[in-house]
There are 2 protein chains.
Amino acid sequence: MGKEEELLVALRRVIRAVDLRSKQLSKHFGLTGPQLLVMQNIQEKPGIMVREIADNINLSPATITNILDRLEARDLAKRIRSTTDKRKVGVFLTERGKAAVQDSPRPLQEHFVDRFHQLKEWEQSQMVATMQRIATMMDAEDIDASPFLELGSISEKNS
Amino acid sequence: MGKEEELLVALRRVIRAVDLRSKQLSKHFGLTGPQLLVMQNIQEKPGIMVREIADNINLSPATITNILDRLEARDLAKRIRSTTDKRKVGVFLTERGKAAVQDSPRPLQEHFVDRFHQLKEWEQSQMVATMQRIATMMDAEDIDASPFLELGSISEKNS
DNA sequence: TGTGTTTCCTTTGATGTCCAACTAATTCTT
DNA sequence: AAGAATTAGTTGGACATCAAAGGAAACACA
């Protein structure tokens, strides 16, 4: 099987691990991974806008709304509409929310973080760089296509 | 901010890209990423068991059940209980299902695959290896902990 | 001022995803 | 052979996630 498929399998393992970590957080700590990330964002910048959070953690605004609904229902965060521009919504932490973020665990598995820190500096960088590269290769949706065809070898035509 | 967080951000980008690809597939082709992967698995081994599929693509059996429900409802796959061991369920593709898998697109973005193939052999390998390493670092949940304490530096005790 | 566009957020509807609990069937013990 | 433990799969409930559609408000510009 091709390297491409191996990559996909490894990717699925990682995605699953992240998801399981989220479930684990939810169970032992009461907040899922995304909820935690959202709250950390709010903490860093009280009054942050929905859109901003979405961009920061790479989720759609719809998803953030969804998450905020739950946080608000549990009195961990609150939304306040701007008076100057009533389209905008500033998000804040409640006292309970602040307390929760204080003693929050890490979004990634503790033991992953431990191991990651045990790696040599250059290995860490290399790992980050590879992941970023994959991300970039995946989400640049529009660029490329025609411009590249004249340059490179048209290596194989499939089927 | 730490490398660890950079990694998390890149990871979220990748996860999102995979998810968006899935939505895109669903829209243009009628099957989501996971559905497609499940069907490819069935194609390769007709009569495959639910558990096997789950292991192959790194999802829980519950999720596979869920996906199979939909596939069966759309007459793309069917389940047949084993007669010798009635706990077991063999999964097969219907004629429609076979046809669908035939002209199915790739689970990953076409342009990602293209770019990936443009990389040099060693770069591809390196990319796969890194991803596998991350996966391994994340999902070895049980190992470590106590066995390591006597050897290494007890770096920090938390709270 | 009025109409059209853009921006920001929310709602709706569909998947995916898991765990925990459950049923059914098989195998192991004594 | 009866009861216990294990295995296979499903169900129920909760979140995450998105696109598309739907307001509401602000802006733009004639």
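From a predicted model like this one, the values you see are computed outputs, not experimental measurements.
Here dT27(C) presents its C1' atom at 15 Å from NZ of Lys86(B), a figure rounded to the nearest Å. Atom CG of Leu68(B) and atom P of dT17(C) are 12 Å apart (whole Å). Remark: P of dT15(C) and CG of Asn66(A) are 17 Å apart, rounded to the nearest angstrom. Between Leu25(A) atom CG and dC18(C) atom C1' the separation is 14 Å, expressed in whole Å. Regarding Leu37(A), its CG atom lies at a distance of 17 Å from the P atom of dC15(D), rounded to whole Å. In this structure, CG of Leu71(A) is placed 16 Å from C1' of dT10(C), rounded to the nearest angstrom. For the pair Ile53(B) CD1 and dG9(D) C1', the computed distance is 12 Å after rounding to whole Å. Going from atom CD1 of Ile48(B) over to atom P of dA8(D) covers 14 Å, rounded to whole Å.
Among the heavy atoms of the strands lying under 4.0 Å from Leu20(B) are primed sugar atoms or P, OP1, OP2 only; no base atom is included. Thr65(B) comes within contact range of at least one nucleobase, with a heavy-atom separation under 4.0 Å. Residue Ser82(B) is classed as having no contact, given no heavy-atom separation below 4.0 Å to the nucleic acid. Within the 4.0 angstrom heavy-atom criterion, only backbone atoms of the sugar-phosphate kind lie near Arg79(B); the bases stay farther away. Nucleic acid contact class of Ile64(A) (heavy atoms, under 4.0 Å, all strands): none.
At least one side-chain nitrogen or oxygen of Arg12(B) sits closer than 4.0 Å to the OP1 or OP2 atom of dT17(D). In this model, the phosphate group of dA16(D) is not approached by any side-chain N or O of Ser22(A) to a distance below 4.0 Å at OP1 or OP2. For dG9(D), neither phosphate oxygen OP1 nor OP2 lies less than 4.0 angstrom from any side-chain nitrogen or oxygen of Arg51(B). The phosphate of dA25(C) (OP1 or OP2) has no side-chain N or O of Arg81(B) nearer than 4.0 angstrom. Residue Ser60(B) places at least one side-chain N or O closer than 4.0 Å to OP1 or OP2 of dC18(C). The phosphate of dT15(C) (OP1 or OP2) has no side-chain N or O of Gln35(B) nearer than 4.0 angstrom. Between Thr63(B) and dT17(C) there is no side-chain N or O to OP1 or OP2 distance below 4.0 Å.
Using a 3.5 Å distance cut-off with no hydrogens or angles, the side chains of Arg21(A) and Gln24(A) do pair a donor with an acceptor. Side-chain contact of Thr136(B) with Arg13(A): a donor-acceptor pair under 3.5 Å is present, judged by distance alone.
Judged by closest nucleotide on DNA chain D, Lys23(A) is the one of Lys23(A) and Lys27(B) placed further toward the 5' end. Checking Ala62(A) against Arg16(A), the closest nucleotide of DNA chain C that is more toward the 5' end is the one next to Ala62(A). The residue among Asp19(B) and Arg87(A) whose nearest nucleotide of DNA chain D lies closer to the 5′ end is Asp19(B).
Using modelled atom types, no side-chain atom of Thr130(B) and backbone atom of Met127(A) make a donor-acceptor pair closer than 3.5 Å. A donor-acceptor pair under 3.5 Å is formed between the side chain of Glu52(B) and the backbone N or O of Met49(B).
Considering CD1 of Ile53(A) and CG of Leu37(A), their distance stands at 11.0 Å, rounded to 0.5 Å.
Among the nucleotides dA25(D), dA8(D), dC18(D), the one closest to the side chain of Met49(B) is dA8(D). Between dT15(C), dC18(D), dT17(C), one nucleotide has an atom nearer to the side chain of Thr32(B) than all others, and that is dT15(C).
Taking 4.5 Å as the limit, some side-chain heavy atom of Val50(B) sits within range of a side-chain heavy atom of Leu68(B).
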